[in-house]
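Notes to accompany the following structure.
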Amino acid sequence: MSTPDPTPDRVDELLEGASPSGNEERETASLISQLQGLEDEPSPELLARVDEIASGVPAQGRRTWRERFALPGFPSLTGPRLALAGGALAVVVIVAVAIPLSTNGGSDAGDIASGQVEVVTGDPAPEANVTAPTDDEASAAQAAPAPRERSEEETFSSDGGESGAAVGKGAIPPGPDAGRNQEVRVRTAVQVDGVDALSKASSQAMSQVRELGGFTASSQFSVPNGDFGVSDLVFKVPSGRVEEALEGFSELGSVISQEASLVDLGAELNQRQVQITRQRERLVSLRKALSESPNDAELQRQATETENRLAALIEQRKKVLERARMSTIDLRLTTDGPAAVEEGENRFIAAFDRSWDRLAIVLEWVISAAVFLLPIGLLGWLGLALTRNLRRRGSDRLMDAV
Amino acid sequence: MSTASAIAVAVSEPTLAQPTFRQVAEDHLGTTYRYLTHLVSNRDLADDLTSATFERALKDWHRFDPEKGTPEVWLIQIARRVALDHFRSEGRRRGREETYASREARVAEPPADPAGDARLREALAGLTRSERELIALRVVLELDSNEAAEVVGGSPSAVSSGLHRALGKLRREMGNRDEHA
């Protein structure tokens with residue numbers, strides 16, 4: 001079979017970039033012509049075999065991931081596009097999850113704004129018999145432990161008053177048990193509206209305490225500038241009327257914090273009573289001995305000493321009783337405090353702030369995952385590239401063989 | 001009609017973009033065979049590899065995408081992989097049976113051609129597989145340099161320069177044989 005020599009243009013097209021000499025070009029053209037004239041037709045056996053193969057049903061095979069995840073109308077969905085869409089979807093999901101969580105967090109903000117009252121009480125004291133303790137009772141009192149403080153937290157929320165951050169007007173901690181000797185100390189802070197109101201509120205608080213039978217133990221009023229002022233007041237109020245006093249204080253403004261502690265003084269009183277009884281008994285015996293030997297100077301000195309000690313103990317006991325009788329209230333009136341904003345707005349701002357926190361946490365997870373997965377992915381990619389390279393080199397070697 | 005057979009029919013039915021496998025096989029059997037004949041320089045082996053190529057093509061037919069390339073290039077790429085697999089297994093076999101392999105090498109030499117182009121075939125057999133491949137793709141099958149580059153996995157310029165070298169070497173081989181004659 002003879003094939004006409006290809007044109008010089010065809011040779012140029014085949015050897016684009018190369019510029020063979022005229023002789024070379026003629027020889028190459030002749031060679032190309034010979035190569036194209038080689039009769040390499042498939043044998044009838046091969047035709048039959050291929051025909052048999054082609055008559056089979058093409059295998060469906062497994063669907064590729066692209067076919068599997070192809071969206072209707074997006075047949076050309078490629079890997080990078082899918083990754084981009086996945087990333088965008090992940091961001092949307094994160095935001096969608098973060099916003100409701102933050103909104104729930106807004107409810108928590110209201111809880112945070114509500115106050116907590118820490119009530120510290122002593123252990124239930126044994127019934128004190130201060131008038132006529134027996135020896136057994138005295139021993140028991142001696143063995144009684146010192147007042148041990150026990151914390152019991154009681155949470156109470158705002159009464160939904162003027163400020164979301166305020167504890168509320170009706171937030172009164174439980175008062176002292178009327179049947180027991182307890183020392184009560186309450187610290188409360190009330191936010192008032194402006195410096196002018198501060199002075200008025202201080203006066204009102206003092207008059208309220210006087211009406212309740214208490215008195216002002218100390219007072220400190222300070223207005224560093226025209227916008228801010230604080231008044232620290234310490235009141236002594238009859239223990240039975242603490243609740244009334246606190247109720248009155250809550251009328252002065254918004255209660256922004258309150259803390260109460262109750263310390264049971266029963267054990268301390270018992271101890272004092274036992275000591276007093278002992279000293280009395282000792283004095284009685286000393287006086288009896290003095291009546292028998294009135295000139296005994298040593299007995300005289302001991303009797304005088306015991307009398308003094310007894311007087312001191314009685315005085316101490318009175319002080320303890322006074323502590324139980326009059327409670328201490330530390331009242332801070334201030335113009336400064338949590339921003340008195342609308343509850344809804346506060347919740348929204350808090351939710352917004354928390355969204356950023358949550359986003360930071362999510363980013364932290366993403367970065368951690370990236371730090372963890374990146375070296376593994378890099379090693380995997382390197383391994384894959386190496387394998388491909390080796391395979392390619394192997395193929396090149398095979399193809400370079402004669 | 002079951003779902004599987006309905007899908008099979010749908011796959012077999014010709015559409016504007018997707019030809020049937022039979023159609024592709026009929027149109028490109030000669031091309032594939034010529035490519036493999038030049039690559040392996042052995043017609044019997046080329047027969048076997050052509051059959052293997054079409055078997056694999058039938059299995060992978062669902063992966064063929066006409067938008068990505070012509071059926072001709074797709075079939076030649078499969079033929080190339082089939083041939084490389086054969087070369088690998090042959091290499092392993094020769095490694096195990098060195099003595100037998102040397103005999104096989106002699107058997108694998110191209111037979112004398114009754115048409116009188118034995119000299120050209122012998123000269124072709126003196127080229128490397130990749131040189132023969134480039135000649136087959138560009139000269140015999142007349143693929144353009146982009147398609148040839150797609151098959152061999154290189155750049156079009158590398159294909160052109162490789163073809164230039166291959167033709168030069170073939171020319172020299174032919175000249176040497178003329179001198180010996």
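Here is how names work: the chains are called A, B, and so on, in the same order as the sequence lines, proteins then strands, and each is numbered from 1.
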Under-4.0 Å salt bridge between B/R165 and B/E131: no

Proximal component of B/L84, with respect to chain A [non-hydrogen, under 4.5 Å]: both

Check whether the side chains of B/S41 and B/R132 place a donor and an acceptor atom closer than 3.5 Å, and report yes or no. yes

Does any backbone or side-chain atom of A/L398 lie under 4.5 Å from a heavy atom of chain B? Answer side chain, backbone, both or neither. both

State, yes or no, whether a side-chain contact exists between A/E41 and B/Y33 at a heavy-atom distance under 4.5 Å. no

For B/E55, which atoms come within 4.5 Å of any heavy atom of chain A: side chain, backbone, both, or neither? both

By a 4.5 Å heavy-atom criterion (distance strictly below it), what part of B/L141 contacts chain A: side chain, backbone, both, or neither? neither

Comparing B/V140, B/L120, B/T53, B/T32 against chain A, the one with the most heavy-atom pairs below 4.5 Å turns out to be B/L120

Taking the basic N atoms (NZ, or NE/NH1/NH2) and the acidic carboxylate oxygens, is any pair closer than 4.0 Å for A/R49 and B/D48? yes

Side chain, backbone, both or neither: which part of A/D51 has a non-hydrogen atom closer than 4.5 Å to chain B? both

Proximal component of B/D44, with respect to chain A [non-hydrogen, under 4.5 Å]: neither

Heavy-atom count around B/R88 CZ within 6.0 Å, excluding the residue itself: above 12? yes

What part of A/R392 gets within 4.5 angstrom of chain B, counting heavy atoms only: side chain, backbone, both, or neither? side chain

Sort B/T37 into side chain, backbone, both or neither according to what part of it lies under 4.5 angstrom from a heavy atom of chain A. side chain

Quick one: does any side-chain atom of B/R129 pair with a main-chain N or O of A/D400 as donor and acceptor, under 3.5 Å? no

Using a strict 4.0 Å threshold on nitrogen-to-oxygen distance, state whether B/R56 and B/D85 make a salt bridge. yes

